[in-house]
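In what follows, a single structure is set out as structure tokens and then discussed.
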Amino acid sequence: MCGIVGIVGTSPVNQALYDGLTVLQHRGQDAAGIITIDNNTFSLRKANGLVKDVFHTRHMKRLQGNIGIGHVRYPTAGSSSSAEAQPFYVNSPFGISLAHNGNLTNAAELKERLFTKARRHVNTTSDSEILLNILAYELGCSDKMKLDADDMFTAIAAVNAQCSGGYASIAMIIGHGMLAFRDPHGIRPLVFGKRDTDNGTEYMFASESVALATDGFDFVRDVAPGEAIYVTEDGQFFSKMCADKTMLAPCIFEFVYFARPDSTIDSMSVYASRVNMGTKLGEKIQREWADKDIDVVIPIPETSCDIALEIASVLNLPYRQGFVKNRYIGRTFIMPGQEQRKKSVRRKLNAIDREFVGKNVLLVDDSIVRGTTSAQIVEMAREAGAKNVYFASAAPEVRFPNVYGIDMPSAAELIAHGRELEDINASIGSDGLIYQSLEDLIAAVRIENPEISQFETSVFDGQYITGDVDQDYLNRIDALRNDSAKSTREQAMSASLELHNQETGEGE
């Protein structure tokens, strides 16, 4: 999962891009980057780390210009190499830069085609660089020195015809302007807003609406599936549908876990969706667990807090904050290495003993992925004095890997893959385990926008909406994502960095 922002302004945009990225930090904590255009020249700063650590005053002073894009990343193929931090750029034609959130499911085929047809070399393992080169090739098919909006849309239509998967992207073309486009299924989110200044209208694109609000832009709407929007450097606005077949099927996991509660995606409030999840799950607990003498409802912070509060209301039980969270620890299910995740959970949460001693507690989490976190939290609750520990998940069983931009584990590392409820319950050590049904999850989110007929729900049901994901593909990503493969890559990168430091004297 990644976060992207782009601004076409009437004054320098570097600070606004930085501010936008800070509120999208939850979407990627591995690397950050900003690129701007000034005097027909790219200025780029990107590196591994959080936004606040990547950009210092000296970098911001270099990032001049009234147009720019930014990106926060965590790697969808397990690589944490700084070489794969975004945005990427190519010099031909004109000079093009791109930031991308998502994953191309036919990346290997596209990479081969780029080399044999266009003689374009892709220097990293990132599918975002592939997407950039395809766009560059299509824009280069025109022999015009100045492209117009129709040329831009022709290129995006060709990109959509070739690329499969989930992608929301923002690109800049030197001497022209900014392009924003979304895959024909609208799997990954993308919104835009505008604000009027004394010098004209400014436009902003972002993964979530909260970034627009932070920078003082008025939300206009979501970019539609298959739509491309082109804004020239002087603020002229154009839009067009650039795909023959489109269907809005947003990733439902955005609402469960990834998106901020103060965001709105495809006309659906993330906060309200989570409250609805709590209502649905509370009603299920009421029906199926009438025999359980639950004393208190405790959320596992933070995504599940709104859900747990609503469950407590439905069950007419006390709601308590039983865990204190260290906000400076990253999201655990995307951390490489099982041992690192185990250590991280204990650093991330601390129990307030008085809320557990002698009580039957209902712990509520947004989802259970590997189960590592859940098992340790159950253990922490027992150590704090709980009599019985029950566990509720606001999402259904995560049984299948995600292929559209979320770096979930390989299937074998998902606790629910090939397991029944009793086995999962035993694995995490709880006295009872209950999951939200997929039907109730869909209904909870659809309340906010009844016009949506379908969601991307493959992590729960194994149905991949693009229709091109087979077992061979899943086997390939399994080989990339399993902990053993990630550990090997991390060791290789560490050795390479150590050698580099020895040769250059850096790090001393």
Side-chain angles (χ1 to χ4, degrees), residues 1 3 23-27 101 168 182 186-193 206-214 217-225 248-287 297-317 319 321 325 331 362-367 392-396 398 406 434-457 459-460:
M1 186 64 63
V23 296
L24 296 179
Q25 186 73 85
H26 60 287
R27 301 186 67 87
N101 172 32
R182 196 175 178 195
I187 297 171
R188 301 265 69 87
L190 188 61
V191 300
F192 77 93
S207 294
E208 295 184 32
S209 60
V210 65
L212 305 181
T214 294
F217 283 76
D218 296 323
F219 173 82
V220 176
R221 61 177 174 84
D222 297 89
V223 177
L248 180 57
C251 173
I252 204 163
F253 214 72
E254 291 276 357
F255 299 89
V256 171
Y257 180 77
F258 269 108
R260 278 178 49 142
D262 46 349
S263 284
T264 298
I265 297 174
D266 293 313
S267 302
M268 293 172 285
S269 161
V270 176
Y271 169 79
S273 296
R274 290 177 183 163
V275 171
N276 297 339
M277 291 175 207
T279 302
K280 295 287 186 183
L281 186 53
E283 291 170 350
K284 182 177 181 181
I285 292 169
Q286 215 169 30
R287 291 192 307 270
V297 178
I298 295 177
I300 298 167
E302 291 179 306
T303 317
S304 63
C305 290
D306 300 324
I307 299 167
L309 183 59
E310 185 64 16
I311 289 174
S313 177
V314 170
L315 299 179
N316 195 27
L317 288 171
Y319 167 89
Q321 293 283 348
K325 180 182 179 182
R331 292 182 157 186
L362 173 63
L363 303 182
V364 179
D365 207 351
D366 51 73
S367 58
S393 169
V398 177
I406 302 175
I434 193 166
Y435 282 96
Q436 184 99 264
S437 71
L438 181 55
E439 294 74 18
D440 280 350
L441 175 61
I442 292 171
V445 184
R446 278 195 74 238
I447 290 171
E448 302 308 307
N449 184 359
E451 294 183 5
I452 293 186
S453 59
Q454 189 168 0
F455 288 90
E456 201 293 300
T457 58
V459 297
F460 306 120

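Since the model is a prediction, treat every value here as computed from it, not as a measurement.
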Problem set entry | Considering all heavy atoms, the nearest G193-L212 contact | N-CD1, 3.7 Å

Seminar exercise, completed: Smallest heavy-atom separation, V23 atom then A211 atom, equals CG2-CA, 3.7 Å

Exercise. F253 vs F460 aromatic rings, parallel, tilted or perpendicular, using cut-offs 30° and 60°?
Worked result: tilted

Problem set entry | Short side-chain to backbone donor-acceptor contact, K284 and Y435, under 3.5 Å | yes

Exercise. Which pair of non-hydrogen atoms, one from A444 and one from K280, has the smallest distance, and what is that distance?
Worked result: CB-CG, 4.1 Å

Seminar exercise, completed: Taking every heavy atom of V297 against every heavy atom of A308, the minimum-distance pair comes out as CG1-O, 3.6 Å

Problem set entry | Verdict with reasoning, M277 to V445, per side-chain contact (heavy atoms from CB on, under 4.5 Å) | CA-CA 8 Å; M277 291 175 207; V445 184; 4.0 Å; yes

Exercise. What is the distance from atom CD1 of I307 to atom CG of L281, rounded to the nearest 0.5 Å?
Worked result: 8.0 Å

Exercise. Judged by atom type as modelled, is there a donor-acceptor pair below 3.5 Å linking the side chain of S267 to the main-chain atoms of N449?
Worked result: no

Exercise. Where do S207 and M1 land on the side-chain contact (heavy atoms from CB on, under 4.5 Å) test, with the steps shown first?
Worked result: CA-CA 10 Å; S207 294; M1 186 64 63; over 6 Å; no

Problem set entry | Distance in Å, T279 OG1 paired with D440 CG, rounded so as to fall on 0.5 Å steps | 10.5 Å

For this session: Provide the closest heavy-atom pair for D266 versus P250 in the form atom of the first, atom of the second, distance.
Result: OD2-CB, 3.5 Å

Problem set entry | Nearest non-hydrogen partners of P299 and Y319, listed with the distance | CG-OH, 3.4 Å

Problem set entry | Pairwise distance CG(N276) to OH(Y271) - rounded to 0.5 angstrom | 10.0 Å

Exercise. Do side-chain atoms of R188 reach the backbone of N101 as a donor and acceptor pair under 3.5 angstrom?
Worked result: no

Exercise. Do side-chain atoms of Q436 reach the backbone of A394 as a donor and acceptor pair under 3.5 angstrom?
Worked result: yes

Problem set entry | Side chain S209, main chain T264, donor-acceptor under 3.5 Å | yes

For this session: Kindly compute the distance separating CD1 (I187) from SG (C251), expressed to the nearest 0.5 Å.
Result: 8.0 Å

Seminar exercise, completed: Value for CG (D262) from OG1 (T214), rounded to nearest 0.5 Å, stands at 7.5 Å

Exercise. Salt bridge between R274 and E448, side-chain N to carboxylate O under 4.0 Å?
Worked result: no

For this session: Calculate, to the nearest 0.5 Å, the distance between atoms CD1 and OG belonging to I447 and S273 respectively.
Result: 8.5 Å

For this session: Please report the C-alpha distance between E254 and V270 in whole Å, then the side-chain angles of each, then the deciding distance to 0.1 Å, and finally whether the side-chain contact (heavy atoms from CB on, under 4.5 Å) criterion is met.
Result: CA-CA 8 Å; E254 291 276 357; V270 176; over 6 Å; no

Exercise. Does the pair R260/E208 count as a salt bridge with the N-to-O cut at 4.0 Å?
Worked result: no

For this session: Verify side-chain contact (heavy atoms from CB on, under 4.5 Å) between L317 and L362, making sure each step is shown before the conclusion.
Result: CA-CA 10 Å; L317 288 171; L362 173 63; 5.8 Å; no

Problem set entry | R27 side-chain N/O to F258 backbone N/O, donor-acceptor pair under 3.5 Å | no

